[in-house]
Amino acid sequence: MPFRLYNTYTRSLEVFEPLDASAVKMYTCGPTVYNHAHIGNFRAYVFEDVLQRHLEYRGWKVERVMNLTDVDDKTIRASRAAGVPLAEFTRPFKEAFFRDLAALRVKPAAHYPAATEPRFIAKMIAMIALLLERNAAYKAEDGSVYFRISAFPKYGCLAHLNLEELRPSGRIRNDEYEKESVGDFALWKAWDAEDGDVAWESPFGRGRPGWHIECSAMATEILGPRLDIHCGAEDNIFPHHEAEIAQSETCTGERFVRYWVHCGYLVVDGQKMSKSLGNFFTLRDLLGKGFSGREVRYALLSNYRLPLNFTSESLSAARAALARIDEWLARLRPLAPGAPSTWSLPSQQNYDDAMDNNLNVSEALGHLFDIIRETNRALDQGRLSPPDGRALLAWWERINTVLAIESEEEQIPVEIAGLLEQRRLARAGKDWAAGDRLRADLEARGWLVKDTKEGQKLNRKP
RNA sequence: GGCGGGGUAGCCAAGUGGUAAGGCAGCGGUCUGCAAAACCGCUAUCCGCGGGUUCGAUUCCCGCCCCCGCCUCCA
């Protein structure tokens with residue numbers, strides 16, 4: 001079955017075929033580094049990670065770019081409020097962002113361009129100059145440069161908005177009277193006092209880039225004029241991605257992106273995250289509550305286009321589901337050789353089909369758990385042969401390259417191993433009271449012990 | 001008002017024109033010194049509401065209700 005992706009541009013499911021079969025060019029809108037990214041941001045990054053990993057699972061090489069927006073209204077405002085130079089202000093948030101990605105097992109992108117890097121500022125200036133030359137941009141009275149959307153008839157195609165019918169929202173600042181049309185957006189913002197020392201010289205004056213041109217410049221500078229996939233959350237569709245199309249295509253004359261892929265919003269307890277509601281979580285908040293990055297990752301795995309309701313219950317469910325997977329793997333690994341094979345492996349094709357169907361993770365996980373139950377049953381009945389077990393483990397290792405939810409091996413400290421050995425001796429002497437006491441002792445130290453036919457098994461308490 | 005996404009068991013969630021995957025939670029059982037894990041069984045006569053098409057609809061069509069997102073720099 002071919003891999004099919006839902007393309008926001010055409011609003012339909014399409015068979016995925018990259019321009020160049022040897023490498024998929026993928027651009028993902030990254031964070032604005034003015035605070036710690038929250039769990040909703042990471043929903044998007046985990047989805048993009050699963051997309052990249054599934055493409056690789058299917059044999060494509062993927063060159064992924066994730067940008068960092070380190071200059072815009074919010075970063076400038078926050079750094080001024082903190083009384084710290086912009087670069088110094090954003091650095092710790094960049095570092096925290098990479099730590100969080102690692103905790104969530106998001107595979108590093110090939111490139112993490114930052115908007116303020118001279119190479120990209122130069123690219124932005126060059127693109128704006130070209131847009132001016134092509135009459136798709138103009139310098140307004142306030143000194144800023146705006147994109148003229150009337151110069152790009154397709155503007156609105158991605159969001160499927162009819163520009164004549166746009167209802168004015170309160171977010172349109174009526175002081176932007178300098179623009180020819182209310183829909184025109186800033187390419188270059190003329191310096192004003194609010195910007196402090198954040199400014200670059202350009203042929204059109206001292207100032208800084210607008211947000212949209214940052215992505216167009218970084219994407220085309222690194223990946224070239226034509227991308228296979230461009231991702232983001234659905235709120236990026238308009239105006240951000242619409243603006244990227246207008247800028248990029250006017251500059252390059254080529255179709256910018258083949259597949260636009262957007263994930264849905266994350267809500268917490270059914271409501272939009274907000275600090276006033278007290279349901280606003282960063283990853284470090286959740287890690288501080290004792291959840292692991294792996295558990296949060298599992299809770300974020302979902303059918304990406306749907307809204308995702310993130311709750312404390314979904315985190316508990318993630319923990320329990322992962323424990324079930326861990327138990328299954330722990331049973332498969334030590335299979336003794338020699339048992340006859342009287343059991344045929346369940347079909348593993350269903351997983352691939354589900355993932356190929358626009359990353360239907362929910363269905364794919366359902367098939368995984370089907371296989372876990374069937375395997376456990378065969379194990380209970382002594383019908384699973386070592387070759388079967390090895391085949392299942394090999395399959396698991398393959399799908400785990402996409403899911404990335406296997407537990408890390410945990411080192412057992414010496415004193416814990418000592419207590420475990422004491423307990424083994426006590427139980428061998430049928431001293432059940434001592435055995436139970438040691439089990440409680442181990443649990444108090446954070447380790448769960450259970451007795452199986454093969455002896456004691458130790459697990460870190462979640 | 002425009003555009004888009006949803007409403008499936010206590011919670012999360014797949015799915016199909018032919019009679020409801022999976023996970024979590026719960027209950028009963030097997031196993032176990034006791035637990036844990038695992039396995040077995042039970043837990044939606046029904047898929048927001050009302051019509052229609054059909055031999056048959058949760059799945060297609062029409063109408064309605066409710067929730068959510070976007071509508072000019074929010075992932």
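All values below come from the heavy atoms of this structure, side chains included, with hydrogens, waters and symmetry mates left out. Computed from a predicted model, the values in this text were never measured in an experiment. Chain letters run A, B, ... following the sequence lines, proteins first and then strands; every chain starts at 1.
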Fill in the blank from the handout: So the stems of RNA chain B, runs of at least three Watson-Crick or G-U pairs (under 3.5 Å), are B:1-7 with B:65-71, B:10-12 with B:22-24, B:26-30 with B:38-42, B:48-52 with B:60-64
Exercise for the section: Provide the distance between the two C1' atoms, one in B:rG52 and one in B:rG17, to the nearest whole Å. Expected result: 15 Å
Practice task
Tell me what A:His38 touches on the nucleic acid: a base, only sugar-phosphate, or nothing, going by heavy atoms under 4.0 Å.
Solution key: base
Handout entry: Pair A:Asp73 + A:Arg208: basic N to acidic O under 4.0 Å
Key = yes
Handout entry: is_close_aromatic(A:Phe310, A:Phe42), centroid dist under 6.0 Å
Key = no
Handout entry: Residue-phosphate contact under 4.0 Å: A:Arg377 side-chain N/O, B:rA38 OP1/OP2
Key = no
Problem - Centroid-centroid under 6.0 Å between A:Phe98 and A:Tyr112 rings - result: yes
Exercise for the section: To the nearest Å, give me how far apart CG (A:Asn358) and P (B:rG5) are. Expected result: 13 Å
Completion exercise
From NE2 of A:His160 across to P of B:rG2 the rounded distance in Å is 17 Å
Exercise for the section: Can you tell me, in whole Å, how much space there is between the C1' of B:rC55 and that of B:rG50? Expected result: 23 Å
Practice task
Can you figure out which of B:rC39, B:rG33, B:rA75 approaches the side chain of A:Asp380 most closely?
Solution key: B:rC39
Problem - Closest to the A:Asp451 side chain, choosing from B:rG5, B:rA75, B:rC34 - result: B:rC34
Problem - Atom-to-atom span, CD of A:Gln456 to P of B:rG33 - whole angstrom - result: 14 Å
Exercise for the section: For nucleotides B:rC11 and B:rC64, find the distance between their P atoms and express it as a whole number of Å. Expected result: 28 Å
Exercise for the section: Can you tell me the distance, in whole Å, between the NE2 atom of A:His241 and the P atom of B:rU72? Expected result: 17 Å
Exercise for the section: Could you work out which one of B:rA35, B:rC71, B:rA75 sits closest to the side chain of A:Lys450? Expected result: B:rA35
Exercise for the section: Classify the angle between the aromatic ring planes of A:His240 and A:Trp211 as parallel (below 30°), tilted (30 to 60°) or perpendicular (above 60°). Expected result: parallel
Fill in the blank from the handout: The residue, A:Ala317 or A:Asn41, whose nearest nucleotide of RNA chain B is more 5′ is A:Ala317
Handout entry: Nearest-angstrom distance, P atom, B:rC61 to B:rC42
Key = 35 Å
Handout entry: Lys/Arg cation over aromatic A:Trp447: A:Arg460, 6.0 Å, 45° cone
Key = yes
Exercise for the section: Could you tell me whether A:Ala186 contacts a base, only the sugar-phosphate backbone, or nothing, with contacts defined as non-hydrogen atoms closer than 4.0 Å? Expected result: base
Exercise for the section: May I ask you to evaluate whether A:Asn376 reaches the phosphate of B:rC39, defined as a side-chain N or O under 4.0 Å from OP1 or OP2? Expected result: yes
Completion exercise
Judged by nearest nucleotide, the residue sitting upstream toward the 5' end of RNA chain B, A:Gly232 or A:Ser316, is A:Ser316
Exercise for the section: Using a heavy-atom cut-off of under 4.0 Å over every strand shown, decide if A:Arg11 touches base, sugar-phosphate, or nothing. Expected result: sugar-phosphate
Practice task
Taking atom P in both B:rG56 and B:rC70, compute the distance separating them and give it to the nearest angstrom.
Solution key: 43 Å
Exercise for the section: May I ask you to check whether A:Phe93 and A:His36 place their ring centers less than 6.0 Å from one another? Expected result: yes
Handout entry: Face-on cation placement of A:Arg324 at A:Phe369 ring, 6.0 Å and 45° thresholds
Key = no
Handout entry: Where protein sits on nucleotides 11-16 of chain B, one letter per nucleotide: B base, S sugar-phosphate only, - none, heavy atoms under 4.0 Å
Key = SSSSS-
Exercise for the section: If the plane angle is over 60° it's perpendicular, under 30° parallel, otherwise tilted; pick one for A:Phe280 and A:His38. Expected result: perpendicular
Completion exercise
Atom CG of A:Leu161 and atom C1' of B:rC73 are separated, to the nearest Å, by 15 Å
Practice task
Starting at atom OH of A:Tyr265, determine the distance to atom P of B:rC68, rounded to an integer number of angstrom.
Solution key: 14 Å
Exercise for the section: Name the closest nucleotide to the A:Arg331 side chain, picking from B:rA36, B:rA38, B:rC24. Expected result: B:rA38
Problem - B:rC49 to B:rA36 separation - C1' atoms, rounded to the nearest Å - result: 47 Å
Practice task
Go through B:rC73, B:rA35, B:rC40 for me and flag the one nearest to the A:Arg373 side chain.
Solution key: B:rC40
Practice task
Return the value, rounded to whole Å, for the distance between atom OH of A:Tyr6 and atom P of B:rG6.
Solution key: 9 Å
Practice task
Mark yes or no for a side-chain to base donor-acceptor pair under 3.5 Å between A:Asp436 and B:rG33, with no hydrogen or angle criteria applied.
Solution key: yes
Problem - Side chain proximity check, A:Trp188 to A:Pro209, heavy atoms < 4.5 angstrom - result: yes
Handout entry: Sugar-phosphate only, base, or nothing, as touched by A:Gly210 at under 4.0 Å among non-hydrogen atoms
Key = nothing
Practice task
Assign A:Arg324 to base, sugar-phosphate, or nothing according to its heavy-atom contacts below 4.0 angstrom with the strands shown.
Solution key: sugar-phosphate
Exercise for the section: Could you tell me whether A:Phe369 contacts a base, only the sugar-phosphate backbone, or nothing, with contacts defined as non-hydrogen atoms closer than 4.0 Å? Expected result: sugar-phosphate
Practice task
Round to a whole Å and report the spacing from NZ of A:Lys453 to P of B:rC39.
Solution key: 13 Å
Problem - Proximity to the side chain of A:Arg423 - top-ranked nucleotide from B:rG33, B:rA75, B:rC24 - result: B:rG33
All N/O donor-acceptor pairs, side-chain side in residues 100-107 of chain A, below 3.5 Å, sequence neighbours left out:
residue	atom	partner	partner atom	Å
A:Arg105	NH1	A:Ala404	O	3.4
A:Arg105	NH1	A:Glu406	O	2.5
A:Arg105	NH2	A:Glu406	O	3.1
A:Arg105	NH2	A:Glu408	OE1	3.3
A:Arg105	NH2	A:Glu408	OE2	3.0
A:Lys107	NZ	A:Glu56	OE1	2.8

Handout entry: Pairwise P distance for B:rG33 and B:rA20, with rounding to whole Å
Key = 41 Å
Practice task
Give a yes-or-no answer on whether the side chains of A:Ser362 and A:Asn360 include a donor-acceptor pair shorter than 3.5 Å.
Solution key: no
Exercise for the section: Report yes if some heavy atom in the side chain of A:Asp184 is under 4.5 Å from a heavy atom in the side chain of A:Phe147; otherwise report no. Expected result: no
Problem - Pairwise P distance, B:rC47 and B:rA9 [rounded to whole Å] - result: 10 Å
Practice task
Name the nucleic acid region contacted by A:Lys430, choosing base, sugar-phosphate or nothing; use a 4.0 angstrom heavy-atom cut-off, strictly under.
Solution key: nothing
